[in-house]
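Before any comments, here is the structure.
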There are 2 protein chains.
Amino acid sequence: MTDHVLEHGVVGLTLRPVAAAVGTSDRMLVYHFGTRDDLVMAVVLRTEERSIAAIDALPAASGVRAGVNALWRAYQTEPLASGLRVYLQAAATGLLGQEPHRSGARAGGERWVGAIRAYLVRCGVPAERAPRVTALVDSSLYGFHLDLVTDTPDELAQGVDDLAVAAAALADLSLAGRAD
Amino acid sequence: MTDHVLEHGVVGLTLRPVAAAVGTSDRMLVYHFGTRDDLVMAVVLRTEERSIAAIDALPAASGVRAGVNALWRAYQTEPLASGLRVYLQAAATGLLGQEPHRSGARAGGERWVGAIRAYLVRCGVPAERAPRVTALVDSSLYGFHLDLVTDTPDELAQGVDDLAVAAAALADLSLAGRAD
DNA sequence: AGACTTGTGTAGCGGTCGCTACAGAATGAA
DNA sequence: TTCATTCTGTAGCGACCGCTACACAAGTCT
């Protein structure tokens, strides 16, 4: 089911088509998940797990700049590409903003950010500077991903590399002893 | 109608409720706009216009860092808050990704980015560096806005200020004569 | 005056939605 | 065996969806 949603998006997730895709009926989905919202949330959570695992499996790059660019390339391949798209849909449509989904989504999101932070540290970001660099990289990658639908690959590659430079600069600030 | 959509989101834009909100019938909406998709696109375009006008009306701040933070504050107040939300919904759900909407959306998005670039230049970003700084700031603000639903205001304020520092660092690179 | 384009209301079509009532099959406990 | 719990298929409910057919009013042009 998660595969099907990753392919077709979460906004148009309706019981009957997804049930047919997995060889069962809408009746069964409601029986096992209770309600459609619960089903959506289960899919979102599983999507988060897969994405986190994909980031954890990423080999460390040499340096922050290379790491950010490698992260972006990973975001454009499966399973992260579809996973991020589903997560963005859920966040943009406000599905994640209302309880009880909000708590679960926040926990999953934090683990996701944690995976990115761990990766950036592996790439050489000093630990005490990692949270701030991570916040920048994480939200920026969200934005760049949204630009995928309109911008050209060239423009995006340029933009992401600028992000990498900026992230590296931010990481260097503490090493140079400068206050923020 | 745009007001109503800005308030209720664009994902659940259905003819009858929005028609009732503006004192007409779904019959009339279809008559004037042709189809629902055309109506959605008209609303999105008008939303973009309003947002661009709001950015153009922003007073220049002293320095890149202050400018980015001021921009973020503007993004959290009307009309930019609702406008960005509608735009993000349209982008995340893939509505902007399919022709013929894609061309129009791309044009509107470029004008939006252009307004941000002009503002950043007013805040002191060197002109030759403005496109790269703008790409970073624009996409990052997208991402931070998505985090609004889960993160706390404190965390976000911290993250945006880090973005401001990074943008300033990126803007300074060319002044220092360093290659990117 | 008569034809015609433009705008508006009423009613309803075919379809999909989430969800449920009901009956039956399978399975394990007594 | 008998009973109870767990699972699954069929049918359908009421609501809403985008959209259209049709009748009719108000101009506008010839």
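Please read all numbers here as calculations on a predicted model, not as lab measurements. Just so it is clear: chains get the letters A, B, ... in the order the sequence lines come, proteins before strands, and each one is counted from 1.
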OP1, OP2 of [N] versus side-chain N and O of [X]: anything below 4.0 Å?
X: B/T35; N: D/dG18; answer: no
X: A/T14; N: C/dT16; answer: no
X: B/H32; N: C/dT6; answer: no

Using atom [atom1] of [X] as one end and atom [atom2] of [N] as the other, report the distance to the nearest whole Å.
X: B/L15; N: C/dA11; atom1: CG; atom2: P; answer: 19 Å
X: B/F33; N: D/dC19; atom1: CZ; atom2: C1'; answer: 16 Å
X: B/L29; N: C/dG7; atom1: CG; atom2: C1'; answer: 14 Å
X: B/L39; N: D/dC17; atom1: CG; atom2: P; answer: 14 Å

Nucleotide-resolved protein contact map, nucleotides 20-26 of chain C, B/S/- at heavy-atom distance under 4.0 Å: BBB----

Selected nucleotide, minimal atom distance to [X] side chain, candidates [options]:
X: B/Y31; options: C/dG7, C/dG9, C/dG12; answer: C/dG7
X: B/R16; options: D/dT8, C/dT10, D/dC19; answer: D/dC19
X: A/R36; options: D/dT8, C/dG18, D/dC19; answer: C/dG18

Name the orientation class of the two ring planes belonging to B/F144 and B/W72 (parallel below 30°, tilted from 30 to 60°, perpendicular beyond 60°). perpendicular

